[in-house]
Amino acid sequence: MPTSLEDFEVLSTIGTGSYGTCKRIRRKKDGKILVWKEMDYGSMSEAEKQMLVSEVNLLRELRHQHIVRYYDRIIDRSKATIYIIMEYCEGGDLATLISKCRRDSIFVEEDFVWKMLIQITLALKECHRRKNGQAVLHRDLKPANIFLDSHKNVKLGDFGLARVLHHETSFAQTYVGTPYYMSPELVNNMSYNEKSDIWALGCMLYELCALRPPFTASNQTDLNRKIRIGEFSRIPKQYSDDLQAVLAKMLRVEVVQRPGIGEILTEPFVSWRRSHLE
Ligand code: ADP
Ligand code: MG
């Protein structure tokens, strides 16, 4: 029997984003707490709807301990709404954590940064492994898309669907807000690749330490210039030289010099910490 709306009880609204509303729900048959994202497809074209369906089907195939698990989807034709049911991440997201730290002037523990580094890299490895010619996931790597479970383990989420709803829009619109994490190759209008994700990861981890992105400016032109040069200050002094060194590698301007996912995981500082984490 297919899943229906009646199989769940809505507990609360978590928040409303650009594409829909996220609600905390309880699965009646076993009491499991999940979330669903309600998205209105009424204003979408046939082609967009088709893309949404294929995107959701793709997400269903991604099963990894560090990727938000997608369970099911329900389509309510009368309301032109799709409900995407997924794992509930009770630890919130990294964007919220970073703003709390900034507000309270506290830095996160270095061990937590290494844990994020390793677990996000593992999640990305799985996404890249899944990459195939016709259906490439849009990986919108930013702190708001890094969720945490109750044990503060990473759950990479919220990717793919953004691309569906923005597919025909311009480059500038794809990057809503200031694109602090845009890589030098993207600034230079070159294509997105696996290494662009590494750059974004470096920016994100840097921000987790410094509580501000590595490259900032008040306008796009200045930001682009800074990104192309690739100079940034050291992360706060309480963090180790090892951590600074790994971030500096991720933030190498030249794509060929920048490590890929495999190289990051085999980096001695990283593999040592990985063995202590598991
Ligand atoms: P946005 O456009 O802001 O990303 P979303 O619909 O993705 O909007 O998310 C709305 C809110 O729900 C955000 O606060 C987000 O952190 C939260 N959220 C999204 N997915 C989950 C999840 N799987 N578990 C817990 N909270 C989530
Ligand atoms: Mg989101």
Side-chain angles (χ1 to χ4, degrees), residues 3 7-27 31-44 48 51-52 55-56 58-76 79-103 108 116 119-120 123-124 126-127 137-167 169 172-181 200 203-204 207-208:
T3 321
D7 296 331
F8 304 91
E9 179 192 345
V10 173
L11 301 174
S12 60
T13 297
I14 302 174
T16 299
S18 17
Y19 318 112
T21 302
C22 247
K23 290 185 178 163
R24 226 170 109 251
I25 58 172
R26 179 189 285 123
R27 186 161 67 190
K32 192 171 174 62
I33 304 296
L34 297 159
V35 308
W36 74 26
K37 189 177 244 187
E38 302 177 5
M39 299 207 296
D40 178 358
Y41 63 82
S43 54
M44 291 166 75
E48 285 174 315
M51 280 180 72
L52 180 59
E55 199 75 54
V56 172
L58 201 78
L59 292 173
R60 279 210 294 207
E61 286 171 31
L62 280 169
R63 291 190 181 199
H64 186 266
Q65 58 169 329
H66 297 306
I67 296 180
V68 174
R69 192 41 219 291
Y70 284 73
Y71 282 85
D72 216 336
R73 47 137 181 69
I74 301 169
I75 296 171
D76 182 347
K79 291 197 188 116
T81 300
I82 181 167
Y83 300 81
I84 297 162
I85 301 168
M86 51 192 170
E87 176 180 2
Y88 172 52
C89 307
E90 68 169 88
D93 61 70
L94 277 192
T96 310
L97 185 107
I98 291 171
S99 21
K100 273 192 198 131
C101 288
R102 204 183 291 125
R103 187 194 63 200
V108 304
M116 295 298 105
Q119 295 187 347
I120 299 167
L124 281 178
E126 176 67 9
C127 292
L137 286 172
H138 170 94
R139 294 164 299 278
D140 187 16
L141 269 186
K142 56 181 185 187
N145 290 346
I146 308 294
F147 295 97
L148 298 171
D149 70 8
S150 55
H151 304 286
K152 291 229 160 91
N153 282 311
V154 164
K155 300 285 174 170
L156 177 62
D158 220 13
F159 43 94
L161 300 169
R163 187 181 65 103
V164 175
L165 298 170
H166 278 302
H167 82 294
T169 56
Q173 277 174 293
T174 310
Y175 284 91
V176 273
T178 314
Y180 293 115
Y181 293 4
C203 289
M204 193 157 68
E207 186 165 350
L208 185 59

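When a ligand or atom number is given, it counts from 1 through the structure's own listing order.
Residue Cys89 has at least one nitrogen or oxygen atom sitting less than 3.5 Å from a nitrogen or oxygen atom of ligand 1, judged on distance alone.
Atom numbering of ligand 1 starts at 1 in the shown order; those under 4.0 Å from a heavy atom of Gly20 are 6 (O). Atoms of ligand 1 lying under 4.0 Å from any heavy atom of Gly15, numbered from 1 in the order shown and given with element: 10 (C), 11 (C). Of all atoms in ligand 1, listed by their number and element, those nearer than 4.0 Å to a heavy atom of Ile14 are 12 (O), 17 (C), 26 (N). Shown in contact with Asp93 at under 4.0 Å from a heavy atom are these atoms of ligand 1, numbered in order with element: 16 (O). Here is the list of ligand 1 atoms found below 4.0 Å of a heavy atom in Lys37: 5 (P), 6 (O), 7 (O). Listed by number with element, the atoms of ligand 1 under 4.0 angstrom from any heavy atom of Cys22 are 10 (C), 12 (O), 18 (N), 19 (C), 20 (N). Each of the following atoms of ligand 1 lies closer than 4.0 Å to a heavy atom of Val35: 22 (C), 23 (N), 24 (N).
When atom types are taken as modelled, the side chain of Thr96 and the backbone of Leu94 share no donor-acceptor pair closer than 3.5 angstrom. The closest donor-acceptor contact from the side chain of His151 to the backbone of Asn153 lies at 3.5 Å or more, if one exists at all. Side chain of Glu90 to main chain of Ser150: no donor-acceptor pair is present (N/O by atom type, distance under 3.5 Å, no hydrogens or angles).
Remark: Arg69 is positioned above the aromatic ring of Tyr71, its terminal NZ or CZ atom under 6.0 angstrom from the ring centre and at most 45 degrees off the axis. Both cation-pi conditions hold for Arg24 and Tyr88: the charged atom is under 6.0 angstrom from the six-membered ring centre and inside a 45 degree cone around its axis.
Contacts between Glu87 and ligand 1 below 4.0 angstrom, taking non-hydrogen atoms only, involve the backbone exclusively.
For the ring-ring contact (aromatic ring centres under 6.0 Å, His included) test, residues two or more places apart in sequence or in another chain that qualify with Tyr83 are Trp36. Among residues two or more places apart in sequence or in another chain, the salt bridge (Lys or Arg N to Asp or Glu O under 4.0 Å) test is passed with Arg27 by Asp30.
Of the candidates Tyr88, Phe147, Trp36, it is Phe147 that places a heavy atom closest to atom 27 (C) of ligand 1.
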